[in-house]
2 protein chains.
Amino acid sequence: MTYSIGQVAEKLSVTVDTLRYYDKAGLLPFVKRNAAGRREFTDNDLHLMRTIMCLKNAGVPVNEIATFVQLRLQGDTSLDERYQLLLAHEQNLKTKILDLQETLAYLQYKKWYYETAVAAGTEAIHFLPGSNEVDPQLARQYQAHLKEIGDLTTLALFNEVIELPK
Amino acid sequence: MTYSIGQVAEKLSVTVDTLRYYDKAGLLPFVKRNAAGRREFTDNDLHLMRTIMCLKNAGVPVNEIATFVQLRLQGDTSLDERYQLLLAHEQNLKTKILDLQETLAYLQYKKWYYETAVAAGTEAIHFLPGSNEVDPQLARQYQAHLKEIGDLTTLALFNEVIELPK
DNA sequence: TTACAACCTGGAGTCAGCTCCAGGTCAAGG
DNA sequence: CCTTGACCTGGAGCTGACTCCAGGTTGTAA
């Protein structure tokens, strides 16, 4: 049982053009052609491609994925090298997720800022009296709010990301 | 107290060129110039820029951030619109984090694949007997492994992301 | 008072990752 | 037989987010 490029594109939710681009870029050297020169993807190919898509989703650049695929072609001698590569990208990805969680914590602070401002009908409630500048201590109110609602996970992330004066 | 573009670049860990690019793109209309035409950033400007950087880190494209900044200039009448924009991007970011967590779960499966292969000295331990194809049922062994070490969080994410035959 | 670093502008260049096109082949349905 | 749609290639074009450059101004420290 084999699949055409169109069927694979469907399965992986990418375009046919993208798959051909990946092939040109050396990501799919294992895909065989039929007599007419058309690509025929096997189930095993799809399995390998899921790993490739995983690396892509993890933010690994195409040329590095190509390196990984090349290593695979070399067989068991490259096992450790491939493992190291995965290990490095696991760390990258963990770091990226943590960064995004901190970004989310800050975004939620701003959301709270606007929730309270919308409720008050004006942003001025967050300004220093008689100015258009945001109270530099405002984050403390939000910290208190997080404590109140018991969201200590967000609080911890927020504390990582904010720096308060004085 | 004001800051030069160089000082701000330092503080925000971006280049001076990037900041000028943001200014051209309409992200920093609030930054004033001194008599010599140089930018002078206030503490309040820095505060606003932290929000901009947050949106940037959240993956919001520059032109959408520019929209947000434009809304801000319109004052309290745009409060709700700004809130809605933040809300939408909070959702995007949450989704993205979840996707990355699933990607991480798959990456860790592959890491386990290579750990065991490296230990065995060959990838063949994961192949169907007498072939070069990965056992389509292999993920079940990994599921069992996750249960064994009690990592139910990763197991749940992994189950989201894998589809097994039969 | 001059050297030099930091700033300014407009605009060109770069890079990754697609995306699209022209021009052609091939298999199946009417 | 003929049309149609999915496939093929090489190569050009596009987009976003910078990044760099030439040519010029400014502020300060020796």
*asked:* If you assign Ser4(A) and Thr18(B) each to the DNA chain D nucleotide with the nearest heavy atom, which residue ends up on the more 5' nucleotide?
replied: Ser4(A)

*OG1 on Thr2(A) to CZ on Arg39(A), rounded to 0.5 Å*: 13.5 Å

_Residue-level proximity of residues 35-56 of chain B to DNA chain C when a heavy atom falls under 4.0 Å_ = Gly37(B), Arg38(B), Arg39(B)

*Specify the residues of residues 89-100 of chain B, ordered by number, for which at least one heavy atom lies under 4.0 angstrom from an atom of DNA chain C.*
none

_For a 4.0 angstrom threshold against heavy atoms of chain A, report the outermost contacting nucleotides of DNA chain C in 5' to 3' order._
dG17(C) to dC26(C)

_NZ/NE/NH1/NH2 to OD/OE distance under 4.0 Å, Arg33(B) and Asp23(B)_ = yes

*Heavy atoms only: give me the nearest Val62(A)-Ala25(A) pair and the separation to one decimal.*
CG1-CB, 3.7 Å

*Using 30° and 60° as the class limits, which term best fits the ring planes of Tyr109(A) and Tyr142(A): parallel, tilted or perpendicular?*
tilted

*asked:* If I take atom CG from residue Leu85(B) and atom NZ from residue Lys110(A), how far apart are they, to the nearest 0.5 angstrom?
replied: 13.5 Å

*Lys/Arg N to Asp/Glu carboxylate O, Glu163(B) vs Arg50(A), below 4.0 Å*: yes

*Is any NZ, NE, NH1 or NH2 atom of the basic residue among Glu64(B) and Lys56(B) found under 4.0 Å from an Asp or Glu carboxylate oxygen of the other?*
no

Side-chain donor/acceptor pairs under 3.5 Å, residues 116-134 of chain B, sequence neighbours excluded:
{"unit_1": "Thr116(B)", "atom_1": "OG1", "unit_2": "Trp112(B)", "atom_2": "O", "d": "2.8"}
{"unit_1": "Thr116(B)", "atom_1": "OG1", "unit_2": "Tyr113(B)", "atom_2": "O", "d": "2.8"}
{"unit_1": "Thr116(B)", "atom_1": "OG1", "unit_2": "His126(B)", "atom_2": "NE2", "d": "2.8"}
{"unit_1": "Thr122(B)", "atom_1": "OG1", "unit_2": "Asp76(A)", "atom_2": "OD2", "d": "2.5"}
{"unit_1": "Thr122(B)", "atom_1": "OG1", "unit_2": "Ala124(B)", "atom_2": "N", "d": "3.0"}
{"unit_1": "Glu123(B)", "atom_1": "OE1", "unit_2": "Arg82(A)", "atom_2": "NH1", "d": "3.1"}
{"unit_1": "Glu123(B)", "atom_1": "OE1", "unit_2": "Arg82(A)", "atom_2": "NH2", "d": "3.2"}
{"unit_1": "Glu123(B)", "atom_1": "OE2", "unit_2": "Tyr113(B)", "atom_2": "OH", "d": "2.8"}
{"unit_1": "His126(B)", "atom_1": "NE2", "unit_2": "Tyr113(B)", "atom_2": "O", "d": "3.1"}
{"unit_1": "Ser131(B)", "atom_1": "OG", "unit_2": "Leu128(B)", "atom_2": "O", "d": "3.2"}
{"unit_1": "Ser131(B)", "atom_1": "OG", "unit_2": "Glu133(B)", "atom_2": "N", "d": "2.9"}

*Please report how far the helix from dT1(C)-dA30(D) to dG30(C)-dC1(D) bends, comparing the axis fitted to its first five pairs with the axis fitted to its last five, to the nearest 10 degrees.*
0°

*asked:* Output the rounded distance in Å from CD1 (Ile5(A)) to C1' (dG5(D)).
replied: 15 Å

*Short side-chain N/O contact from Thr15(B) to OP1 or OP2 of dC18(D), under 4.0 Å*: no

Identify all pairs in which a protein N or O lies below 3.5 Å from an N or O of nucleotides 12-17 of chain D, and state each distance.
{"unit_1": "dA17(D)", "atom_1": "OP2", "unit_2": "Val62(B)", "atom_2": "N", "d": "3.2"}

*Nearest-Å distance, CD (Glu10(A)) to P (dG5(D))?*
18 Å

*With no hydrogens and no angle check, do the side chains of His89(B) and Asn92(B) hold a donor and an acceptor under 3.5 Å apart?*
yes

_Show the nearest heavy-atom pair for residues Val69(B) and Gly26(B), with the distance to one decimal._
CG1-O, 4.0 Å

*Indicate yes or no: does Lys111(B) engage Glu90(A) in a salt bridge with an N to O separation below 4.0 Å.*
yes

_Side-chain donor-acceptor contact under 3.5 Å, Asp43(B) with Tyr3(B)_ = yes

*Atom CD of Gln7(A) and atom P of dG5(D): how far apart are they, to the nearest Å?*
18 Å

*Side-chain donor/acceptor of Ser13(B) to backbone N/O of Ala9(B), under 3.5 Å*: no

*Do Asp80(A) and Tyr114(B) have a side chain donor and acceptor closer than 3.5 Å?*
no

*Rounding to a whole Å, what distance do you find between Asn34(B):CG and dT28(D):P?*
11 Å

*asked:* Restricting to non-hydrogen atoms, name the atom on Leu19(B) and the atom on Val8(B) that form the minimum distance, rounded to 0.1 Å.
replied: CD1-CG1, 3.8 Å

*Pairwise distance CD(Glu115(B)) to CG(Leu87(A)) - rounded to 0.5 angstrom*: 8.0 Å

